[in-house]
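Let me begin by presenting the structure, written as structure tokens, before commenting on it.
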Amino acid sequence: MVSMESKISQIYQTPIGKDVLSKLFMTLNLNEKILNRFPISHLKLKHISRHLGKGLPETLLELVNSEQETIKDSDSISPKWWKEAVFYQIYPKSFCDFDGDGIGDIKGIISKLDYLKDLGIDCLWLSPIYDSPNDDNGYDIRDYRKIMAEMGDMDDFKSLLEECHARGMRLIMDLVVNHTSDEHEWYQKALSGDKKYMDYYIFRDKPNNWKSFFSGSAWKYEEELGKYVLHSFSKKQMDLNWENPEVRKEVIDIVRFYHEMGVDGFRLDVINLISKKEGLPDGNETVGKLMQFTGIEQYFYGPRLHEFLRELRAEGFAPYNAFAVGETPGVGIEMGRYLTHESRKELDLIFNFDHLETPGHARFDEYHYDLNFLKDIFYRYNDSMGNGDWRALFFENHDNPRMVSKVMKDRKYRNVLAKMLLGILFTVKGSPFIYQGQEMASMNLPFQDMSQIRDIESLNKYQELLESGMEENKAFQVIMAGTRDHARGLINWDDTEHANAWIDDFTLHDGYSAKAQLETPGSVLRFFKKMTAFRRLHPELIYGEMIPLAREKKDVMLFRRKWQGSSLLVEINLTDKRQPRQIQKRKVRMSNYKNREERDLKPYEFTIYEEKRRKLR
Ligand code: TEU
């Protein structure tokens with residue numbers, strides 16, 4: 001246990017203390033190495049508490065002391081299908097519109113299963129397809145057991161599932177149970193004053209200072225009841241009360257319903273937010289300013305989170321041997337181990353967001369992403385992984401701008417950079433999660449003005465910026481830097497115009513349609529297919545140890561992957577400038593450049609060399 005008498009270095013040595021202080025220092029763009037150096041390391045928490053703002057030291061101590069267990073690692077790595085799989089996330093609304101109504105649908109996905117199989121995809125993850133008013137594009141669920149009419153019906157979904165399995169692919173769904181739509185029958189009954197259902201949600205007589213992830217207060221006043229109700233996201237997404245065992249049973253019934261159908265598991269939306277601190281205390285204003293969401297420290301890793309996850313797994317997932325990956329914004333590397341180490345029997349994987357923005361930057365900041373930071377974070381993550389740990393590797397999803405656009409300064413490097421980024425996901429230790437379009441080097445979209453923006457988070461943020469006095473052009477530039485709509489553009493299959501689509505189309509005739517990429521030698525898509533096939537043939541890239549080499553050398557990333565007598569070397573140029581080649585006279589197995597230079601790595605070069613090949617007996 002730590003206390004106000006504890007030194008900073010003692011707090012930093014605890015798993016949660018390391019995560020919280022690391023997150024704080026990354027946000028402030030400070031070098032966290034000073035936490036282990038005199039004089040900071042010897043300062044006691046009580047010496048600095050008055051500089052941290054009211055309540056922060058106590059919150060820090062509570063969080064750090066909440067994890068008293070130490071994780072006992074496993075003796076060896078247990079083989080699992082989800083450790084070997086290449087995952088592919090589909091945002092159905094933008095993926096493929098089969099019936100021509102301008103909205104992607106399930107029949108459209110079915111029509112692309114052979115394409116996905118040919119890419120080397122093992123498991124699909126569908127963003128929500130349940131009945132929804134689409135205030136947040138399906139992340140506001142109105143009926144968990146009904147398919148959104150615009151996307152099809154339950155028979156269509158069962159066909160999709162069957163067709164996936166027939167091709168040897170798996171399918172996981174997206175489960176949003178931190179909140180429901182305000183149009184869900186549970187909430188409608190609550191609004192009518194039904195006490196049972198009022199206790200499904202979080203009603204209070206007066207609001208605290210928590211902020212919504214989608215701008216403004218996280219509380220909405222409901223006239224009918226004369227009460228405030230919590231909504232961590234949009235005003236139409238009402239937080240469920242997980243303290244209520246009835247709610248937890250409803251969620252277990254929902255996952256069992258789909259697991260009985262043969263669904264292979266779920267991605268669990270903001271699942272780390274479900275346990276709110278008792279009494280819903282105000283958030284620390286300092287943390288609120290730093291993390292942009294006042295109150296987040298009161299619920300991002302709450303007191304009963306592990307208990308709720310163990311119950312959900314034991315009753316909803318384990319009986320079906322189903323897979324669970326949690327989306328956990330704000331959770332650090334060590335916290336992630338407590339949620340996913342196989343001894344914990346909670347989640348199989350989490351999405352950790354630490355690498356998505358470089359220190360001192362947030363998603364809506366305009367800046368060029370320095371891949372040296374990615375190397376640092378990926379190596380730190382690898383250092384922390386024991387035999388019983390695993391990790392999800394990703395750069396993109398439906399909530400983030402395209403990685404190629406975050407990194408690239410000059411468009412001439414689009415192809416080699418896209419291939420290099422894919423190469424990292426396929427050679428670093430962990431399971432790669434690819435987001436639709438990444439296989440075609442998709443980039444951010446050239447929206448011209450706010451009339452083309454659909455995302456509720458962006459629309460709310462734009463209004464908030466205007467109300468803060470920012471002029472329209474500047475506010476639009478801020479939205480353009482981080483809008484989630486960059487990832488929600490329509491997939492360009494063959495340059496066919498999309499009639500009356502829900503979002504404007506920008507990518508036609510640019511040579512990056514799936515058809516063009518399939519037909520073009522040396523295309524990103526063809527490289528993608530080669531890499532998934534190569535990874536499948538090389539277990540050292542799956543279960544093999546990952547050993548960083550020349551770790552301190554800036555602008556390059558070099559590591560070994562070795563397994564049962566075979567080993568590969570991966571060398572990456574993290575910049576758009578030439579860098580001295582470290583590896584000489586080794587057989588090249590894969591590269592994003594056909595013609596390489598003897599002495600130097602070309603800009604964004606990614607090359608795999610053979611080091612040792614086990615002699616097959
Ligand atoms: O995202 C939650 C989340 O972490 C991101 O939305 C991000 O925090 C947010 O954009 C604020 O920065 C999940 C889903 O992925 C997202 O699409 C939903 O909008 C959200 O939850 C609410 O369900």
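We count ligands from 1, going down the list as the structure has it; atoms in each ligand are counted the same way.
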Checking side-chain polar atoms at under 3.5 Å, does [X] have a donor or acceptor matched by the opposite partner on [Y]?
X	Y	value
His179	Asp239	no
Ser22	Arg380	yes
Tyr91	Asn137	yes

Considering only protein heavy atoms, which is closest to [atom], and at what distance to one decimal place?
atom	result
atom 3 (C) of ligand 1	Glu327 OE2, 3.5 Å
atom 20 (C) of ligand 1	Phe233 CE2, 3.8 Å
atom 11 (C) of ligand 1	Glu457 OE2, 3.0 Å
atom 8 (O) of ligand 1	Phe213 CD2, 4.0 Å
atom 6 (O) of ligand 1	Arg484 NH1, 3.3 Å
atom 5 (C) of ligand 1	Asp399 OD2, 3.7 Å
atom 7 (C) of ligand 1	Arg363 NH2, 4.0 Å
atom 19 (O) of ligand 1	Asp136 OD2, 2.5 Å

Can you tell whether the side chains of [X] and [Y] come within less than 4.0 Å, N to carboxylate O?
X	Y	value
Glu346	Arg310	yes
Arg170	Asp122	no
Lys406	Glu357	yes
Arg391	Asp389	no
Arg484	Asp136	yes

With heavy-atom distances below 4.0 Å as the criterion, list the atoms of ligand 1 near [X].
X	answer
Asp269	13 (C), 14 (C), 15 (O), 21 (O), 22 (C), 23 (O)
Phe353	4 (O)
His398	14 (C), 15 (O), 16 (C), 17 (O)
Gln237	22 (C), 23 (O)
Pro329	4 (O)
His179	22 (C), 23 (O)
Arg488	17 (O)

Worksheet item: For Lys461, is the nearest heavy atom under 4.0 Å from an atom of ligand 1?
Response: no

Worksheet item: Applying a 4.0 Å heavy-atom criterion (strictly less than), which segment of Gln292 is in contact with ligand 1: side chain, backbone, both, or neither?
Response: neither

Item to complete: Show your working on side-chain contact (heavy atoms from CB on, under 4.5 Å) between Tyr144 and Phe257 and close with a plain yes or no.
Response: CA-CA 10 Å; Tyr144 289 92; Phe257 172 78; over 6 Å; no

Worksheet item: Tell me, do Ile453 and Tyr462 make a side-chain contact under 4.5 Å, heavy atoms counted?
Response: no

Worksheet entry | From the candidates Val270, Val176, Asp455, the one that places a heavy atom nearest atom 2 (C) of ligand 1 | Val270

Worksheet item: Can the ring centres of Trp186 and Tyr201 be said to be less than 6.0 Å apart?
Response: no

